[in-house]
Novice: 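Below is a structure I'd like to ask you about.
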Amino acid sequence: MCRLCAQILPEEAFAEKVLDIINGAAINQMLSLGHQSGLFDTLAGLEPATSEAIAERAGLNERYVREWLGAMVVSGILVYDPDAALYHLPPSHAAFLTRDASPNNLAVVAQFMPMLGTVEGGILECFRKGGGLRYEEYPGFHRVMAEDSGQSVVMNLFSHILPLVDGLDARLRDGIEVLDLGCGSGRALIAMAQRYPASRFVGYDLSHEAVGNARGEADRLQLGNIEFAVRDVSRLDDRDRFDLVTAFDAIHDQARPERVLAVVNEALKVDGVFLMVDIAASSRLENNVGHPLAPTLYAISCMHCMSVSLGQGGRGLGTVWGRELALSMLQEAGFGRTEVHQLEHDIQNYYYVNRKA
Ligand SMILES: C[S@@+](CC[C@H](N)C(=O)[O-])C[C@H]1O[C@@H](n2cnc3c(N)ncnc32)[C@H](O)[C@@H]1O
């Protein structure tokens with residue numbers, strides 16, 4: 001059979017697949033609502049209950065809650081006793097859908113597509129005319145991003161991520177200079193500043209909203225060893241200043257990623273380390289078929305990461321720029337040594353540990 005023919009499904013199987021996709025998207029929207037409304041957390045604390053009892057406990061409108069409960073039952077998220085009209089979230093399901101389940105709370109991730117759906121009209125215009133959207137056009141982006149990295153990055157930072165760099169914990173304890181670029185709401189940097197009071201931390205981001213959130217939290221915690229600023233990291237002109245630069249999911253959506261990698265190299269001290277966490281995928285489309293998150297990654301790229309880069313007249317690398325391209329760009333930027341790690345808890349990212357020589 002020819003290479004293309006081998007990928008074609010029989011008609012009926014294809015139609016079923018498309019229906020499954022449509023239902024999946026609908027359930028995803030309901031998962032996002034269940035998380036934001038607190039319904040999953042409410043259900044996890046309840047024995048099997050009626051819609052009235054659930055709505056009352058959650059402080060929500062019963063009619064909306066009942067319709068949502070229906071969606072959850074028919075999609076197999078909740079179980080249902082029709083005789084007593086009782087709904088229940090089994091603990092084995094709650095383990096992936098509640099705030100207590102963090103870092104395994106998949107309902108956090110379910111928020112991305114509904115949030116990105118709010119800009120569908122603008123993206124459609126970009127399909128017609130090219131260009132892209134601005135970060136500020138995505139309501140809720142920084143909230144969802146902070147929640148997501150709060151569980152995928154921050155909860156694993158000290159146990160799994162920082163130990164990837166030999167001796168880093170000791171250096172941070174002694175006191176070093178750290179920059180987090182594209183820091184968003186600053187959760188990772190704030191966690192480091194709390195743990196390592198002898199080190200000094202700087203976070204830069206383009207977004208006023210994100211930097212405002214980060215500053216607010218740092219002030220609330222009365223941290224004296226951290227500062228945040230609105231800055232375009234492609235315009236940094238520091239030389240030999242930092243011992244550690246981190247970028248958590250913040251390179252692939254840059255307008256000028258090659259420039260950012262080069263300025264990071266210049267900003268690092270000679271024995272400095274650049275820890276770049278970015279999407280685990282291949283630069284070759286055919287290698288990403290079967291990747292457990294590939295459809296989500298390409299969709300997020302189309303709706304956000306590629307678009308915000310193109311919107312600044314940038315390169316539009318896309319979320320799925322992949323390991324092969326990342327490695328060659330890191331080398332071109334002057335990094336002489338790169339190790340790539342994957343962590344068991346995280347199927348979404350590669351961890352690139354880069355040194356100058
Ligand atoms: C995908 S978010 C990641 C945020 C954060 N690191 C996290 O893990 O939650 C990428 C961030 O990079 C920021 N960003 C993009 N280009 C930038 C630039 N040239 N200078 C500074 N920040 C930039 C965006 O505003 C956004 O907050």
Side-chain angles (χ1 to χ4, degrees), residues 102-103 108-109 111-112 115-116 132-157 161 178-192 201-215 217 226-238 244-264 267 274-280 296-297 299-321 333 346 348-352:
S102 209
V108 167
V109 186
Q111 297 175 99
F112 275 105
M115 181 267 292
L116 297 177
L133 302 187
R134 288 170 294 113
Y135 278 100
E136 308 83 77
E137 292 182 74
Y138 294 82
F141 173 77
H142 291 292
R143 179 188 63 76
V144 175
M145 193 65 232
E147 236 190 304
D148 183 51
S149 61
Q151 64 172 18
S152 63
V153 176
V154 179
M155 294 185 93
N156 298 291
L157 197 55
I161 300 175
V178 181
L179 164 68
D180 184 27
L181 64 87
C183 62
S185 303
R187 292 207 178 173
L189 206 62
I190 287 172
M192 286 195 263
F201 299 86
V202 180
Y204 293 143
D205 201 285
L206 278 180
S207 160
H208 287 266
E209 179 193 341
V211 167
N213 295 342
R215 279 189 184 140
E217 184 61 4
I226 192 165
E227 70 185 71
F228 291 101
V230 175
R231 258 183 96 170
D232 179 347
V233 292
S234 69
R235 296 176 195 276
L236 284 189
D237 52 9
D238 295 293
L244 172 68
V245 175
T246 53
F248 297 104
D249 218 356
I251 298 297
H252 64 257
D253 55 351
Q254 290 291 325
R256 283 167 286 282
E258 51 291 280
R259 170 87 196 124
V260 172
L261 296 177
V263 299
V264 168
F274 174 37
L275 174 60
M276 180 180 95
V277 181
D278 218 293
I279 299 301
T296 300
L297 296 174
I300 288 180
S301 186
C302 195
M303 299 295 289
H304 180 269
C305 304
M306 177 189 73
S307 185
V308 291
S309 175
L310 293 173
Q312 299 168 75
R315 172 168 177 172
L317 267 185
T319 313
V320 201
W321 61 319
D346 184 357
Q348 185 175 306
N349 291 303
Y350 286 137
Y351 294 76
Y352 299 86

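Atoms within each ligand, like the ligands themselves, are counted from 1 in listed order.
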Novice: With a 4.0 Å cut-off on heavy atoms, is H142 in contact with ligand 1?
Specialist: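 Within the 4.0 Å threshold, so yes.
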Novice: Can you measure from CD (E217) to CZ (R215) and round to the nearest 0.5 angstrom?
Specialist: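 Nearest 0.5 Å value for the CD-CZ distance: 14.5 Å.
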Novice: Which atoms of ligand 1 sit under 4.0 Å from any heavy atom of D249?
Specialist: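 Result: 1 (C), 2 (S), 3 (C), 10 (C).
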Novice: For atom 23 (C) of ligand 1, what is the closest protein heavy atom, and at what distance to 0.1 Å?
Specialist: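 The answer is L206 CG, 3.6 Å.
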Novice: Identify the residue among D249, L317, D253 that makes a side-chain contact (heavy atoms from CB on, under 4.5 Å) with C305.
Specialist: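 Going through the options one by one, the only one that passes is D253.
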Novice: If we only count N/O pairs under 3.5 Å, is D180 in contact with ligand 1?
Specialist: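 Min N/O separation from ligand 1 is not below 3.5 Å for D180.
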Novice: Look at atom 15 (C) of ligand 1 and say which protein heavy atom is nearest, naming residue and atom and giving the distance to 0.1 Å.
Specialist: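 For atom 15 (C) of ligand 1, the nearest protein heavy atom is Y135 OH, 3.1 Å.
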Novice: If you measure from CG on D278 to OH on Y351, what distance do you get to the nearest 0.5 Å?
Specialist: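 Here the rounded value is 11.0 Å.
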Novice: Indicate the atoms forming the closest heavy-atom contact of T319 with I300, along with that distance.
Specialist: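 For T319 versus I300, the nearest heavy atoms are OG1-C, 4.1 Å.
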Novice: Considering only heavy atoms of D232, which atoms of ligand 1 have at least one such atom less than 4.0 Å away?
Specialist: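 The list of qualifying atoms is 18 (C), 19 (N), 20 (N).
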Novice: How does S149 reach ligand 1, if at all, at less than 4.0 Å between non-hydrogen atoms: by side chain, backbone, both, or neither?
Specialist: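 For S149, the contact with ligand 1 is made by the side chain alone.
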Novice: What is the closest protein heavy atom to atom 16 (N) of ligand 1, and at what distance does it sit?
Specialist: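 For atom 16 (N) of ligand 1, the nearest protein heavy atom is Q254 NE2, 3.1 Å.
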Novice: One residue to check: C183. Relative to ligand 1, which of side chain, backbone, both or neither has a non-hydrogen atom less than 4.0 Å away?
Specialist: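 For C183, the contact with ligand 1 is made by the backbone alone.
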Novice: State, to 0.1 Å, how close S234 and R259 come at their nearest heavy-atom pair, and which atoms those are.
Specialist: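 Of all heavy-atom pairs spanning S234 and R259, the closest is O-NE, 3.3 Å.
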Novice: Please give me the minimum heavy-atom distance between A188 and F248, naming the atom from each residue.
Specialist: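 Heavy atoms only, the tightest pair is CB-CE1, 3.7 Å.
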Novice: Could you state the interatomic distance from CD1 (I279) to CD1 (I251), rounded to the nearest 0.5 Å?
Specialist: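 Going from the CD1 atom of I279 to the CD1 atom of I251 covers 12.0 Å.
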Novice: Considering non-hydrogen atoms of the protein only, which is the closest contact for atom 12 (O) of ligand 1, and what is the distance?
Specialist: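 Minimum-distance protein heavy atom for atom 12 (O) of ligand 1 reads G182 CA, 3.5 Å.
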Novice: Measuring from atom CG of L181 to atom CZ of R231, what distance do you get when rounded to the nearest 0.5 angstrom?
Specialist: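 Rounded to the nearest 0.5 Å, the CG-CZ separation comes out at 11.5 Å.
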Novice: Checking the N or O distance criterion of under 3.5 Å, is ligand 1 in contact with F141?
Specialist: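 No.
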Novice: Where is the nearest protein heavy atom to atom 10 (C) of ligand 1: which residue, which atom, and how far?
Specialist: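 Checked against all protein heavy atoms, atom 10 (C) of ligand 1 sits closest to D253 OD2, 3.6 Å.
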Novice: Can you name the closest pair of heavy atoms from R315 and E258 and give their distance?
Specialist: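 So the minimum-distance heavy-atom pair works out to NH1-OE1, 2.8 Å.
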Novice: Considering only protein heavy atoms, which is closest to atom 27 (O) of ligand 1, and at what distance to one decimal place?
Specialist: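 Scanning the protein heavy atoms, the shortest distance from atom 27 (O) of ligand 1 goes to D205 OD2, 2.7 Å.
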Novice: Can you tell me the protein heavy atom closest to atom 21 (C) of ligand 1 and the distance?
Specialist: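 Heavy-atom neighbour on the protein nearest atom 21 (C) of ligand 1: R231 O, 3.1 Å.
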Novice: Could you find the nearest protein heavy atom to atom 20 (N) of ligand 1 and give me its residue, atom name and distance?
Specialist: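 Here the nearest protein heavy atom works out to V233 N, 2.9 Å.
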Novice: Would you mind telling me which of V245, L244, D238, V233 makes a side-chain contact (heavy atoms from CB on, under 4.5 Å) with L179?
Specialist: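 Exactly one option meets the side-chain contact (heavy atoms from CB on, under 4.5 Å) with L179, and it is V245.
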